[in-house]
Amino acid sequence: MAQDFTFGSIPKKLLAFAMPIFFANVLQACYNLADMAVVGHFVGSAGLSAISSAAMLCFIINSICTGVTMGGSVLVAQFKGANNGEAVRQTVGTLFSVSFISALAVTAAGYLLYGPVLRAMNLPVQALPHAEQYMAVICGGTAFVFGYNAVCSVLRGLGDSNGPLVFVAIASVLNVGLDFLLVGACSMGAAGAALATVLSQGASFGIAVLFFRKRGKVFDFRLRSFRIYKDKCTAILKIGLPSAVQMVVLNLSYLLVTGMLNVYGVTVSAAAGVGLKINSFAVMPCWAVGQAVTTMAGQNIGAGMLKRAGKSCTSGIKINVAVQIAVTALILIFAPQIVALFDPNPAVIEEGVRYLRICCNVNCAFYAVMYTVDSFATGTGHAAFAMFNSIAQSIFMRLGLSLLLTEGFALGHMGLYWAECFSPLLPAAAGVVFFCGGFWKKRLPSGEPS
């Protein structure tokens, strides 16, 4: 059911919209989690290390898909807020056409680059073959990821977050079942885990298309409807490309840090991979609320309601900071038990707990502020700010501090942990200046002054 965010209680609507997004994100993350857990159990620490490292490449592919389609989501939200149904239909047709072309390009690039990138990441010798097998299959499912994200971005722009949850729920159950069948019963190793993921993604996309075709007034998936409107394409890419760059740079920084961690052996590599996955789960409520803020801000900007758009950001920050503090406290208390779910190796558990207690602490509140403001900036059409702020966190803070602490202060892999801890501090401050200074009001996406 599509929602109108231009009226009603802002906190209540944000939470109501964010909850299905949160559960969808959790279930979608179960693709890789199921792969890691099953491979770790049947293949061992080498397989777990391989999947953890390959997941970085998967995140980059998913980031491009999500970033490109994000432009369509924001534009749909703005046109919905302006009650311009024809512009919504043109935007959707353009988005699906652009997504198809992008999927072909990303698939080709994936097959050309995954081998050299994996080798450059310094994976342990015993883990590299498993990672290559995994990526060889994953790259074949890129079109499904693009298609699914395009459908879900349109639905979220219209104010519907329940549909994507249903798609992912079905696919997640299928993925777990296929993992046990292909990796366990069929002994296909990492390739089996990847095949389970691709088949599940294909099912998710197919279900999404069937659901969306029932809403034929928006898009009917007939050949004549796949048309690129120049103005809509320009607007989508104006938001989508910075969003894609933002997400790719973020995940590239994680990939490079993972490569630095791999130098310290299988135990550190596996523990950090598990820790990163847990940390990703910890911030999922923040991501969900951020996506809700993007949609609410977009609809209200389209309706010309700037004051209400601004309130969506302040409400989102309050919700995210409170939730992140609570989630982080739980993770720190139960860190050993959580790490053990992925790898029972005592050495991996000890190192994983060390990672979490350094990387997942008070910085969660700063991350919540940074991510919420960046999401708000994207929803108002200022995706370039979110991109540069993410680059500041990823390049200058995460990578810069990593090099400084590991080389300059000779802290070894502990320096990488502390760099991750400090990475959101300055970007959070920049976000506060951007919002409180009213810079988001200076120029609206249409180019008209506020």
Side-chain angles (χ1 to χ4, degrees), residues 5 9-22 24-26 63 66-67 70 73-74 77 153 156-157 159 161 239 242-243 246-247 249-250 279-301 305-328 360-394 397-398 423-441:
F5 288 111
S9 169
I10 291 176
K12 289 181 179 179
K13 287 210 164 187
L14 280 177
L15 287 172
F17 190 71
M19 287 304 293
I21 295 177
F22 167 69
N25 287 343
V26 169
S63 295
T66 304
M70 175 67 74
S73 181
V74 172
S153 68
R156 287 169 180 161
S161 59
I239 298 172
S243 297
Q246 170 190 350
M247 296 179 185
V249 169
L250 171 66
N279 206 20
S280 297
F281 263 91
V283 297
M284 279 187 180
C286 184
W287 295 346
V289 173
Q291 290 179 60
V293 169
T294 297
T295 300
M296 180 173 282
Q299 286 194 13
N300 282 285
I301 287 292
M305 303 172 67
L306 269 66
K307 185 176 180 180
R308 184 175 174 85
K311 287 183 177 179
S312 71
C313 184
T314 55
S315 295
I317 289 174
K318 292 176 183 177
I319 293 170
N320 271 341
V321 169
V323 172
Q324 285 308 116
I325 290 174
V327 170
T328 300
C360 190
N361 50 52
V362 293
N363 70 331
C364 67
F366 292 95
Y367 180 86
V369 173
M370 180 200 76
Y371 187 83
T372 306
V373 176
D374 286 355
S375 300
F376 172 76
T378 300
T380 61
H382 295 81
F385 169 80
M387 177 185 72
F388 286 119
N389 210 31
S390 179
I391 290 175
Q393 183 208 8
S394 303
M397 296 297 291
R398 179 177 293 113
S423 65
L425 301 187
L426 289 182
V432 171
V433 172
F434 170 81
F435 178 75
C436 294
F439 294 99
W440 58 279
K441 299 178 183 178

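- Note that CG of Leu15 is 12.0 Å distant from CZ of Phe22, once rounded to the nearest 0.5 Å.
- Applying the side chain to side chain donor-acceptor pair (under 3.5 Å) rule to Thr372 yields the partners Asn320; only residues at least two apart in sequence or on another chain are considered.
- In this structure, Pro427 and Gln393 approach most closely via the heavy-atom pair CG-CB, 3.5 Å.
- Contact between Ser315 and Pro11 at its shortest, heavy atoms only, is OG-CG, 4.0 Å.
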Evaluate side-chain contact (heavy atoms from CB on, under 4.5 Å) for Val433 paired with Phe439, printing each intermediate quantity in order. CA-CA 8 Å; Val433 172; Phe439 294 99; 4.1 Å; yes
Side-chain donor-acceptor contacts of residues 285-296 below 3.5 Å, not counting sequence neighbours, with atom names and distances?
residue : atom : partner : partner atom : Å
Trp287  : NE1  : Tyr367  : OH           : 2.9
Gln291  : OE1  : Arg156  : NH1          : 3.3
Thr294  : OG1  : Gly290  : O            : 3.1
Thr294  : OG1  : Ser375  : O            : 2.9
Thr295  : OG1  : Arg156  : O            : 3.4
Thr295  : OG1  : Gln291  : O            : 3.4

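- Between Trp440 and Ala309, the closest heavy-atom pair is CZ3-CB, 4.5 Å.
- Once rounded to the nearest 0.5 Å, the distance linking CD1 of Ile239 with NE2 of His382 reads 10.0 Å.
- Taking CZ of Arg398 as the reference point, atom CG of Leu250 lies at 5.5 Å (rounded to 0.5 Å).
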For Val373 and Cys313: C-alpha separation, side-chain torsions, deciding distance, then whether side-chain contact (heavy atoms from CB on, under 4.5 Å) applies. CA-CA 7 Å; Val373 176; Cys313 184; 4.2 Å; yes
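- Going from atom CE of Met370 over to atom CD1 of Ile317 covers 12.0 Å, rounded to the nearest 0.5 Å.
- Remark: the backbone N or O of Ile325 is not paired with any side-chain donor or acceptor of Thr328 at under 3.5 angstrom.
- A pairwise comparison of heavy atoms in Ala430 and Asn389 identifies CB-OD1, 3.4 Å as the closest pair.
- Rounding to the nearest 0.5 Å places CD1 of Ile21 at 13.0 Å from CE of Met284.
- Scanning both residues, Ala16 and Ser161, for their nearest heavy atoms gives O-OG, 4.4 Å.
- With rounding to the nearest 0.5 Å, the separation of OG in Ser390 from CD in Gln246 is 4.5 Å.
- The backbone N or O of Arg308 lies less than 3.5 Å from no partner atom in the side chain of Asn300, so there is not a single donor-acceptor pair.
- In terms of heavy-atom proximity, Ala368 sits nearest to Gln324 at CB-CG, 3.9 Å.
- Around CZ of Phe385, the count of heavy atoms belonging to other residues, nucleotides or ligands within 6.0 Å exceeds 12.
- Under a 3.5 Å cut-off, the side chain of Thr314 and the backbone N or O of Lys311 do form a donor-acceptor pair.
- With hydrogens and angles disregarded, a donor-acceptor distance shorter than 3.5 Å links the side chain of Gln299 to the backbone of Phe5.
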